[in-house]
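Scroll down for the structure; my scribbles are underneath it.
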Amino acid sequence: MGKKSKSAISPTREENYNEWYQQVVRAADMAENSPVRGCMVIKPWGYAIWENIQAGLDRMFKATGHRNAYFPLLIPKSFLEKEADHVEGFAKECAVVTHHRLVEGPEGGLIVDPKAELEEPLIIRPTSETIIGASFAQWISSYRDLPLLINQWANVMRWELRTRLFLRTAEFLWQEGHTAHATEAEAVEETRRMLDIYETFIEEHMAVPVIKGRKTESERFPGAVDTFTVEAMMQDRKALQAGTSHFLGQNFAKASGIKFQNAEEQEQYAWTTSWGVSTRLVGALIMTHSDDDGLVCPPRIAPEHIVLLPIYREDEQRVAVMAVAEKLAEALRAQSYDGAPMRVILDDRDLRGGEKNWGWIKKGVPLRVEIGPRDVESGSVMVARRDKGARDKESISAEAFPERAAALLADIQQTLFARAKAYRKEHTKVVDSYEELVTYFTPENTKRPGIHGGFAMAHCCDTPDNEAKLKELKLTVRCIPIDGDRTPGTCILSGKPSEQRVVIAKAY
RNA sequence: CGGGGUGUAGCGCAGCCUGGUUAGCGCGCCUGCUUCGGGAGCAGGAAGUCGGUGGUUCGAAUCCACUCACCCCGACCA
């Protein structure tokens with residue numbers, strides 16, 4: 001009888017979380033797999049979200065004195081070899097350019113011209129520390145050149161073995177900040193400042209709560225002295241590293257020769273940092289807020305804030321309804337939300353109402369506004385919020401609505417953040433023994449493991465031995481939190497004294 | 001890269017074991033009529049070199065070999 005299941009997305013989160021994720025991406029038309037192994041095509045709706053992430057972060061970077069620049073996609077192999085840990089970390093997942101010409105093959109088609117082999121292979125950047133370091137070495141000669149605060153919006157490539165749209169793709173888009181400072185203290189401060197910016201942006205713009213913390217030794221960025229992270233909890237209660245900020249000490253400065261003369265006429269190596277977030281944030285957004293009806297977009301990051309859905313049957317109604325809808329669209333666009341004109345779309349496509357409505361639900365537009373003949377007559381509109389049920393609508397006076405819209409959007413933004421925070425709180429547990437840890441991360445039904453576990457807050461010291469024990473349970477220390485409880489205790493794995501509790505979880 | 005699985009119309013699948021005339025079904029798409037504050041009904045229509053290459057055979061989506069891609073579970077990772 002054409003009856004649809006209760007939810008727009010099948011399977012539901014509870015039924016099969018991984019498949020649900022893929023279906024949400026598809027239903028919202030955000031991205032799809034490409035003919036190229038491990039690489040995705042980001043479609044307009046997904047890209048618009050990324051653009052909003054870019055715009056918000058870029059403003060914050062500029063406000064803290066950073067400037068954008070662009071460096072080559074290709075890095076000479078010898079550059080990558082300069083920093084020992086760095087080589088080890090990335091060598092396994094590099095795409096390499098070895099030739100510069102194709103010629104016609106003996107059996108047709110094209111083959112790589114063996115005569116066109118490069119003297120030195122070029123690596124498609126997995127990250128740009130070394131190539132940017134080479135520039136920094138040239139740009140910096142005096143303490144007066146410091147600090148040097150540079151950011152690059154770019155694509156990078158890491159030859160991942162298992163990929164998932166937005167969460168892990170062979171090629172991904174990101175920003176990478178690279179800075180050089182005269183003193184260690186300044187560089188450490190910069191590392192923390194950018195971590196704070198990530199926290200602010202991800203929580204306030206994306207409504208995704210994060211835990212700021214320091215990474216353990218094994219999770220540290222290759223070549224870094226210290227790595228900081230913001231960790232978020234997804235709805236399957238796994239942790240997702242949403243952004244990282246690295247204090248690189250003088251490691252890369254020494255590798256690239258970034259030296260300067262200080263006021264005392266001494267030659268010194270600079271102290272550098274690097275920090276980045278990627279299109280993975282789009283994945284974090286999806287997995288934090290979306291429900292079984294599809295994507296739920298926090299207003300500040302949504303490609304469209306409000307969709308107007310005219311309802312009519314005959315031409316006569318169409319004229320009346322469209323006149324009101326167009327006027328309303330204009331009035332809404334004159335309003336501002338989050339410091340910019342409201343993003344409003346009037347959907348006048350020749351589709352049936354239900355289909356249109358569900359289409360926008362799946363795309364996660366914060367507010368849907370229906371305007372039909374009855375509304376025109378009564379001077380009202382039906383308003384539905386994406387953070388509420390699909391059929392939950394409120395009649396609002398058409399005249400008053402534009403004035404109220406910004407407040408409604410702000411309320412949705414706030415509700416989504418509060419909801420995500422409550423979810424994380426509900427699934428964060430203080431754990432005081434190994435047995436408790438095992439129990440917490442063991443599903444009730446091991447044959448069909450449902451969503452279980454969460455963040456375990458436990459005392460656990462940073463040793464390879466402990467790391468191995470956690471790995472048996474498929475767990476990792478996500479971070480050593482910076483804020484919050486610093487009470488010392490006893491390590492649940494080794495029994496030794498521990499400075500503070502850490503976040504233990506399964507991770508993406 | 002190890003173990004398992006899948007590639008047939010835009011999407012989801014059947015057919016394959018037991019080779020045999022023009023390769024089906026559901027959704028979607030297009031057209032028409034009827035519907036319409038909700039993911040419609042009826043009728044008609046368009047769309048596929050059955051992942052690729054080679055082999056066996058009178059004949060291959062179907063059997064064999066190789067290969068590529070994707071998915072799930074590991075290992076690796078933003």
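Numbers restart at 1 for each chain; the letters A, B, ... are given by sequence-line order, proteins then strands.
At whole-Å resolution of the value, CZ in A/R368 and P in B/G39 are 14 Å apart. The CD1-P distance, from A/I9 to B/G12, rounds to 14 Å in whole Å. Per the geometry, CG belonging to A/L195 stands 16 Å off P belonging to B/A78, to the nearest Å. Whole-Å rounding puts the A/R352 CZ to B/C33 C1' distance at 13 Å. One interatomic measurement links the two molecules: NZ of A/K238 to P of B/C73, which rounds to 8 Å at whole-angstrom precision. Atom CG in A/N16 sits about 16 Å away from atom C1' in B/G12, given to the nearest Å. Rounded to an integer number of Å, the gap from A/R164 CZ to B/C76 C1' is 16 Å. For A/N18 and B/G5, the CG to C1' distance is 16 Å, given to the nearest whole Å.
The pairing partner recorded for B/C36 is none, the criterion being a Watson-Crick or G-U wobble arrangement whose two distances lie under 3.5 angstrom. The pairing partner recorded for B/C13 is B/G24, the criterion being a Watson-Crick or G-U wobble arrangement whose two distances lie under 3.5 angstrom. Across all strands shown, B/C66 forms a Watson-Crick or G-U wobble pair with B/G52, both key distances being under 3.5 Å. Summarising the base pairing, B/G45 is matched to B/C29 through a Watson-Crick or G-U wobble pair whose two defining distances lie under 3.5 Å. The partner of B/U57 is absent, by the rule that a Watson-Crick or G-U pair needs both atom distances under 3.5 Å. Shown here, B/C1 forms a base pair with B/G74; the pair counts as Watson-Crick or G-U wobble because both key distances fall under 3.5 Å.
Of the residues near RNA chain B, A/R162 and A/K362, the one whose nearest nucleotide (by heavy atom distance) lies more toward the 5' end is A/K362. Comparing A/C39 and A/L351, the nucleotide of RNA chain B nearest to each residue sits closer to the 5' end for A/L351.
Within residues 19-33 of chain A, the residues that have a heavy atom under 4.0 Å from RNA chain B are, in order of number, A/Q22, A/R26.
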Evaluation steps, side chain to side chain contact (heavy atoms under 4.5 Å, CB included), between A/L173 and A/W153: CA-CA 8 Å; A/L173 305 183; A/W153 289 97; over 6 Å; no
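With P as the reference atom, B/C50 and B/G10 are 13 Å apart, rounded to whole Å. For the C1' atoms, the distance from B/U21 to B/C36 is 47 Å, rounded to whole Å. Separation of the C1' atoms belonging to B/A61 and B/G15 is 8 Å when rounded to the nearest angstrom. B/C64 and B/G45 have their C1' atoms separated by 41 Å, given to the nearest Å. B/A9 sits 37 Å from B/C76 when the P atoms are compared, rounded to a whole Å. For the C1' atoms, the distance linking B/A60 with B/U35 amounts to 48 Å, nearest Å. As rounded to the nearest Å, B/A75 and B/G2 have C1' atoms that lie 8 Å from one another. Of the P atoms belonging to B/A40 and B/C1, the separation is 47 Å, rounded to the nearest Å.
Between the CG atom in A/D348 and the CG atom in A/L346 there is a gap of 6.0 Å [rounded to 0.5 Å].
Distance from the side chain of A/I311 is smallest for B/G37 among the nucleotides B/G39, B/A75, B/G37. Closest to the A/K474 side chain, of the nucleotides B/C76, B/C73, B/A78, is B/C73. In the set B/G37, B/A78, B/C29, B/C29 carries the atom at the smallest distance from any side-chain atom of A/E355.
For A/D375 against B/G37, a side-chain N or O and a base N or O form a donor-acceptor pair under 3.5 Å. Between the side chain of A/R313 and the base of B/U35 there is no donor-acceptor pair of N/O atoms closer than 3.5 Å.
Residue A/K215 is out of contact with every strand shown, counting any heavy-atom pair closer than 4.0 Å. Residue contacts for A/S278: at a heavy-atom cut-off of 4.0 Å it reaches a base atom on one of the strands shown. Among the atoms of the strands shown, base atoms are found under 4.0 Å from some heavy atom of A/T169. Residue-level contact check: A/G38 touches the backbone only, with heavy atoms under 4.0 Å from sugar-phosphate atoms and none from bases. Counting any heavy atom pair closer than 4.0 Å across all strands shown, A/E160 reaches a base atom. Residue A/I361 is classed as having no contact, given no heavy-atom separation below 4.0 Å to the nucleic acid.
Judged by centroid separation below 5.5 Å and plane tilt below 30°, A/F172 stacks onto the base of B/A78.
A close approach under 4.0 Å does not occur between any side-chain nitrogen or oxygen of A/K356 and OP1 or OP2 of B/C36.
Cation-pi contact between A/K82 and A/F79: present, with separation from the ring centre below 6.0 Å and deviation from the ring axis of at most 45°. For the pair A/R424 and A/F455, the NZ or CZ position fails the cation-pi test of under 6.0 Å to the six-membered ring centre and within 45 degrees of the ring normal.
Using a 3.5 Å distance cut-off with no hydrogens or angles, the side chains of A/T191 and A/T273 do not pair a donor with an acceptor. Side chains of A/H427 and A/Q235: a donor-acceptor N/O pair is absent below 3.5 angstrom, by distance only.
None of A/Q152, A/K62, A/Q175 except one satisfies the side chain to side chain contact (heavy atoms under 4.5 Å, CB included) rule with A/N68; the exception is A/K62.
A/K215 and A/E231 are joined by a salt bridge, as a carboxylate oxygen and a charged side-chain nitrogen come within less than 4.0 angstrom of each other. For the pair A/R214 and A/D226, the salt-bridge criterion is met [side-chain N within less than 4.0 Å of a carboxylate O].
Annotation for A/W358 and A/A390: closest pair CH2-CB, 3.7 Å, computed over non-hydrogen atoms.
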